[in-house]
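One structure is given here, and the rest of the page talks about it.
In each ligand, atom 1 is the first atom listed, and ligand 1 is the first ligand listed.
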Amino acid sequence: MLSYRHAFHAGNHADVLKHCVLVQVLDHYTRKDKPFWYIDTHAGAGLYALDSGYAAQNAEFRDGIGRLWRRDDLPPAVARYVKLVHDLNQDGTLRRYPGSPALALPLLREDDRMRLCELHPGDHKLLLQTMQGNGRRVKIEAADGYAGLRALLPPAPRRAVVLIDPPYEQKQDYARVVDALKDSLQRFATGTYLLWYPLLPRPEPRLLQDRLARLAPESWLHATLSVQAPSGEGFGMHGSGLYVVNPPWTLPAALETVLPFLARVLGKDAGAAHTLAHRIP
Ligand code: SAM
C-alpha cells in the first residue's frame with residue numbers, strides 16, 4: 001500500500017521542525033574538512049509546487065513555512081532554514097518548497113554524497129527529475145528505504161547523516177524505524193541519525209517513544225513540537241517528534257531557542273507546546 005503522497009503535507013509544521021533540524025545537522029557536518037554521506041531512506045519527491053496540485057489542496061504549508069516566510073524576528077537556526085527556502089523562491093513569493101533532498105543538496109560539498117531511497121513510483125520519478133544533473137554525487141534507488149539503509153552502512157567515508165522519515169501509513173513503521181536504528185547502530189555506531197515520527201492521539205507514537213528510550217544510545221536528543229491539543233476524536237496529527245542519535249553538541253542550545261519560538265508562532269491553540277531532552281556526553 002503506497003497511498004501516502006508527501007506533496008499534501010509539504011511545508012507543514014512537521015516539515016518545519018524536521019527540516020530546520022536537518023539543516024543544523026548538515027551545517028555542522030560541513031564544518032569539518034572531511035566528506036560525508038547524506039542518506040535519506042524515505043526521500044519523497046524532492047521538491048514541491050505549493051501553488052498547484054496536491055500541496056495547494058489543503059495548503060498545510062500556510063500554517064507551517066507560510067507563517068515564517070515574512071517574519072524578521074526568526075531565531076538564527078530558523079532564519080538559516082527559511083533562507084534556503086527563499087533561495088528557491090527568488091521573486092519573494094512562496095511557490096516552491098524543498099523536500100529533504102532539495103534542502104540538503106546546496107549544503108553538500110563536491111566530495112559529499114547523497115543516497116536516496118523512494119518507493120512510490122510517481123514520487124521516485126519526480127525525485128529523479130528534481131535531482132538530475134548531479135552526476136555521481138547523488139544516487140537514487142526505487143527501493144525500500146530500510147533495506148537500502150542496511151546496504152549502505154557503513155558508508156565509505158565513515159561519516160554520515162541519515163534521515164529516517166517514513167509515512168507511518170502502515171503501523172509496522174513504528175516498529176521498523178526502531179529496528180532500523182538498532183541495526184544501523186550496530187553497522188555504523190558513529191553516524192548521526194534523525195528519526196521523525198508523528199504525534200497522534202493513538203498509542204503508537206507513545207510506544208515508539210518508549211522503544212526509543214530503551215534503545216538508549218550513548219548520545220541522543222529528543223525534540224517534540226505540538227501545534228495544537230490532541231483531537232478528542234482520536235485522529236489528526238497535532239505535532240511531531242524528532243529523535244537524533246549522535247547529535248551535534250551545538251544542537252541542544254539551538255533548539256532551546258527554536259522550539260519555544262516555533263510553538264508560539266506555529267501554535268493554533270493553547271495545546272501548542274514543545275519538549276526537549278538530550279544526553280550528549
Ligand atoms: N523525507 C521527505 C522530506 O522530508 O521531504 C519526506 C518523505 S515522506 C514523509 C515519506 C516517503 O516515503 C513518501 O514519499 C513515500 O512514498 C515513501 N515510502 C513509503 N514507504 C517506503 C519504503 N518502504 N521505502 C522507501 N520509501 C518509502
Rounded to the nearest 0.5 Å, the CZ atom of Phe61 sits from the CG atom of Asp15 at a distance of 12.5 Å
Under 3.5 Å, is there a donor-acceptor pair between the Asp173 and Tyr146 side chains?
-> yes
Are His9 and Tyr4 an aromatic pair by the rule of ring centers under 6.0 Å?
-> yes
Flag Leu119 as yes when one of its N or O atoms lies below 3.5 Å from any N or O atom of ligand 1, and as no otherwise.
-> yes
Below 3.5 angstrom, do we get any N/O pair linking His19 and ligand 1?
-> yes
Selection from Asp165, Ile164, Leu163 by shortest heavy-atom distance to atom 10 (C) of ligand 1 = Asp165
Between Arg176, Gln170, His6, Glu118, which one has a non-hydrogen atom sitting closest to atom 13 (C) of ligand 1?
-> Glu118
Can a non-hydrogen atom of Thr41 be found less than 4.0 Å from any atom of ligand 1?
-> yes
contact_flag Ala10 ligand 1 heavy-atom lt 4.0 Å = no
Interfacing atoms of ligand 1 (cut-off 4.0 Å, heavy-atom, Asp123) | 14 (O)
Nearest to atom 5 (O) of ligand 1, what protein heavy atom do you find, and at what distance?
-> Ser100 N, 2.8 Å
Do the ring planes of Tyr193 and Phe188 sit parallel (below 30°), tilted (30 to 60°) or perpendicular (above 60°)?
-> perpendicular
Considering the heavy atoms of Ala143, write down every atom of ligand 1 situated less than 4.0 Å from one of them.
-> 24 (N), 25 (C)
Ala43, portion touching ligand 1 at heavy-atom distance under 4.0 Å = backbone
With distance as the sole criterion, is a donor-acceptor pair present between the side chains of Tyr97 and His19 under 3.5 Å?
-> yes
Would you confirm whether the ring centroid of His274 sits within less than 6.0 angstrom of the ring centroid of Phe261?
-> no
State the atoms of ligand 1, each with its element, that fall below the 4.0 Å cut-off from a heavy-atom position in Asp40.
-> 1 (N)
Nearest heavy-atom pair of Thr224 and Leu259: which atoms, and what distance?
-> O-CD2, 4.2 Å
What atoms in ligand 1 come closer than 4.0 Å to a heavy atom of Asp144?
-> 22 (C), 23 (N), 24 (N)
Tyr48 N/O to ligand 1 N/O under 3.5 Å | no
Looking at ligand 1, does any of its N/O atoms fall within less than 3.5 Å of an N/O of Lys18?
-> yes
For the pair His28 (side chain) and Trp249 (backbone), establish whether a donor and an acceptor sit closer than 3.5 Å, ignoring hydrogens and angles.
-> no
So, Glu169 versus Ser3: side-chain donor-acceptor pair below 3.5 Å or not?
-> yes
Which protein heavy atom lies closest to atom 18 (N) of ligand 1, and at what distance to 0.1 Å?
-> His42 CD2, 3.7 Å
Verify, without hydrogens or angle tests, whether Asp144 (side chain) and Ala147 (backbone) share a donor-acceptor contact under 3.5 angstrom.
-> yes
Go through ligand 1 atom by atom and flag the ones less than 4.0 Å from a non-hydrogen atom of Gly44.
-> 14 (O)
What orientation do His222 and Tyr243 show, parallel under 30°, tilted 30 to 60°, or perpendicular over 60°?
-> perpendicular
Using distance alone, decide if ligand 1 has a nitrogen or oxygen within less than 3.5 Å of any nitrogen or oxygen in Gly145.
-> yes
In ligand 1, the atoms that come under 4.0 Å of a heavy atom of Tyr4 are 8 (S), 9 (C), 13 (C)
Can Asp27 and Tyr29 be counted as having a side-chain donor-acceptor contact under 3.5 angstrom?
-> no
Within the structure, does Tyr146 bring an N/O atom to less than 3.5 angstrom of an N/O atom in ligand 1?
-> no
Pull out every atom of ligand 1 sitting under 4.0 Å from any heavy atom of Gly99, numbered as shown with elements.
-> 5 (O)
